[in-house]
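Comments concern the structure below.
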Amino acid sequence: MARPADIPTILKRLEKQYGKIVRRPRFDAVDELICCILSQHSSDVASFPAFTKLKSTFPTWQQVVDAPSGKVADAIRRAGMYNQKSTRIQNALREIKERVGEYSLDHLYGMPWPEARAWLMSLPGVGPKTAAIVLSMNMGMPVIPVDTHVFRVGWRLGFYDKKIGEAKAHEVVQEIVPPKLAFSYHALLIQHGRNLCDARKPRCVACPVLEFCDYGKTQA
């Protein structure tokens with residue numbers, strides 16, 4: 001079983017396997033937030049086209065807010081759960097405009113990350129994963145998004161019990177991962193989950209961190 005003290009070594013080995021991953025923001029912060037809401041319970045293959053369709057249908061966020069919810073839902077239909085997501089998106093945008101005076105999250109850059117995360121999670125439809133993605137990927141804060149791959153690799157290594165679920169795992173990894181390694185932890189565990197530590201057929205015999213993984217030793 002891996003210990004928190006093993007994390008730097010684990011990440012070095014994963015980096016040797018997959019290469020160094022550089023953070024490259026995809027969008028501005030509000031765009032990232034809306035794209036993340038669209039990706040909830042959906043895949044990138046579905047959510048990215050839905051985001052593109054939303055932006056082409058409504059060129060400004062004000063137009064999204066002013067539109068009938070049914071039309072917003074039609075634009076994002078491909079992302080699934082489109083009625084719920086259209087409501088979440090419109091309500092989140094309204095809250096941002098009401099609190100900040102514009103459709104911007106630039107004020108978060110000056111906050112400590114726990115405060116910035118709390119601010120985002122107070123918005124409708126924004127949970128720990130969505131908030132963490134915006135703060136990590138867009139703003140470069142040491143917040144770790146726990147998606148299905150990060151969660152799976154983490155419990156297999158023994159950092160937490162599988163039963164706690166992804167939401168609670170966010171708190172665990174924030175405590176055990178050094179802030180300077182936060183982005184690497186997130187990015188490399190995703191790569192490992194996609195390439196070797198598969199949900200159904202993990203390739204444990206080829207795993208560069210097998211010695212730290214009690215789960216993998218039973219599979220190899």
Side-chain angles (χ1 to χ4, degrees), residues 4 6-40 42 44 47-48 51-52 55 61 88-89 92-93 95-97 99-154 157 159-160 166-195:
D6 297 321
I7 289 174
T9 300
I10 289 170
L11 296 183
K12 284 181 181 178
R13 293 192 185 180
L14 293 179
E15 187 173 289
K16 185 177 181 180
Q17 178 86 10
Y18 303 111
K20 187 174 180 63
I21 302 174
V22 179
R23 183 182 68 88
R24 293 187 177 90
R26 303 177 295 185
F27 313 111
D28 71 21
V30 177
D31 281 30
E32 185 72 66
L33 176 68
I34 301 307
C35 191
C36 286
I37 292 175
L38 285 170
S39 72
Q40 294 169 358
S42 182
D44 290 348
S47 62
F48 282 169
F51 178 75
T52 300
K55 294 283 284 186
W61 293 128
R88 291 173 184 171
I89 287 169
L93 290 170
E95 282 289 317
I96 292 170
K97 180 67 176 295
R99 298 183 197 181
V100 182
E102 58 182 334
Y103 297 109
S104 171
L105 295 173
D106 287 352
H107 67 290
L108 297 181
Y109 283 97
M111 290 186 185
W113 72 259
E115 294 179 22
R117 184 177 67 169
W119 195 96
L120 283 174
M121 288 179 61
S122 70
L123 295 174
V126 178
K129 178 182 171 183
T130 296
I133 291 174
V134 174
L135 297 177
S136 172
M137 303 301 294
N138 189 273
M139 299 185 174
M141 294 186 183
V143 189
I144 302 172
V146 178
D147 74 349
T148 184
H149 299 296
V150 174
F151 178 69
R152 180 173 64 255
V153 176
L157 284 169
F159 291 137
Y160 42 78
E166 292 181 20
K168 291 184 179 179
H170 281 86
E171 302 304 323
V172 176
V173 297
Q174 286 298 154
E175 291 181 4
I176 66 174
V177 179
K180 66 179 181 179
L181 298 179
F183 176 76
S184 293
Y185 182 93
H186 165 69
L188 290 169
L189 264 64
I190 285 180
Q191 288 299 312
H192 193 51
R194 289 173 175 169
N195 288 275

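- A donor-acceptor distance shorter than 3.5 angstrom exists from the side chain of Y160 to the backbone of F151, with no hydrogens or angles considered.
- Checking side-chain atoms of R117 against main-chain N and O of V143 turns up no donor-acceptor pair under 3.5 Å.
- For the atom pair L38 CG and D44 CG, the distance stands at 11.0 Å (nearest 0.5 Å).
- Taken to the nearest 0.5 Å, the CG atom of L189 stands 9.0 Å off from the CG atom of D147.
- In summary, the side chains of S122 and R99 do present a donor paired with an acceptor at a separation below 3.5 Å, with no hydrogens or angles considered.
- The CG atom of L135 sits 6.5 Å away from the CG atom of L108 when rounded to the nearest 0.5 Å.
- Considering all non-hydrogen atoms of both residues, E32 and I133 come closest at OE2-CG2, 3.8 Å.
- Summarising the geometry of G193 relative to R152, their closest heavy-atom pair is O-NH2, 3.0 Å, with the distance given to 0.1 Å.
- Of all heavy-atom pairs spanning A29 and V134, the tightest one is O-CG1, 4.2 Å.
- Between I7 and F159 the shortest side-chain heavy-atom distance falls below 4.5 Å.
- Residues L105 and M139 have side chains in contact (heavy-atom distance under 4.5 Å, counting atoms from C-beta outward).
- From I144, atom CD1 reaches atom CD of Q174 across 5.0 Å, with rounding to the nearest 0.5 Å.
- Put simply, the side chain of H186 never gets that close to the backbone of A182: no donor and acceptor are under 3.5 Å apart.
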Next on the checklist: Determine whether V172 and V146 satisfy the following criterion, side-chain contact (heavy atoms from CB on, under 4.5 Å), listing intermediate values before the conclusion.
Outcome noted: CA-CA 10 Å; V172 176; V146 178; over 6 Å; no

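- Nearest approach of G154 to Y185, heavy atoms of both residues: CA-OH, 4.3 Å.
- Going from atom SG of C36 over to atom CE of M137 covers 9.0 Å, rounded to the nearest 0.5 Å.
- Between P145 and V150 the shortest side-chain heavy-atom distance does not fall below 4.5 Å.
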Checklist entry - Passes side-chain contact (heavy atoms from CB on, under 4.5 Å), F48 versus R26? Steps please. => result CA-CA 11 Å; F48 282 169; R26 303 177 295 185; 2.8 Å; yes

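- When all heavy atoms of L188 and L11 are compared, the pair lying nearest together is CD1-O, 3.6 Å.
- R88 contributes no side-chain N or O that, together with a main-chain N or O of P124, makes up a donor-acceptor pair within less than 3.5 Å.
- Contact check for W61 versus I34: side-chain heavy atoms found under the 4.5 Å cut-off.
- Between the CD1 atom in I96 and the CG atom in L120 there is a gap of 7.5 Å [rounded to 0.5 Å].
- Remark: side-chain polar atoms of Q191 are not paired, donor with acceptor, to backbone N or O of I21 under 3.5 angstrom.
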Checklist entry - For L93 and V30, what are the C-alpha separation, side-chain angles and deciding distance, and is it a side-chain contact (heavy atoms from CB on, under 4.5 Å)? => result CA-CA 9 Å; L93 290 170; V30 177; 4.0 Å; yes

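- For the residue pair N138 / Y109, a side-chain donor-acceptor distance below 3.5 Å is found, with atom types taken as modelled.
- Taking 4.5 Å as the limit, every side-chain heavy atom of K55 sits out of range of all side-chain heavy atoms of F27.
- Scanning both residues, H170 and A132, for their nearest heavy atoms gives CD2-CB, 4.4 Å.
- Contact annotation: the side chain of R194 approaches that of H149 to within less than 4.5 Å [non-hydrogen atoms, C-beta and beyond].
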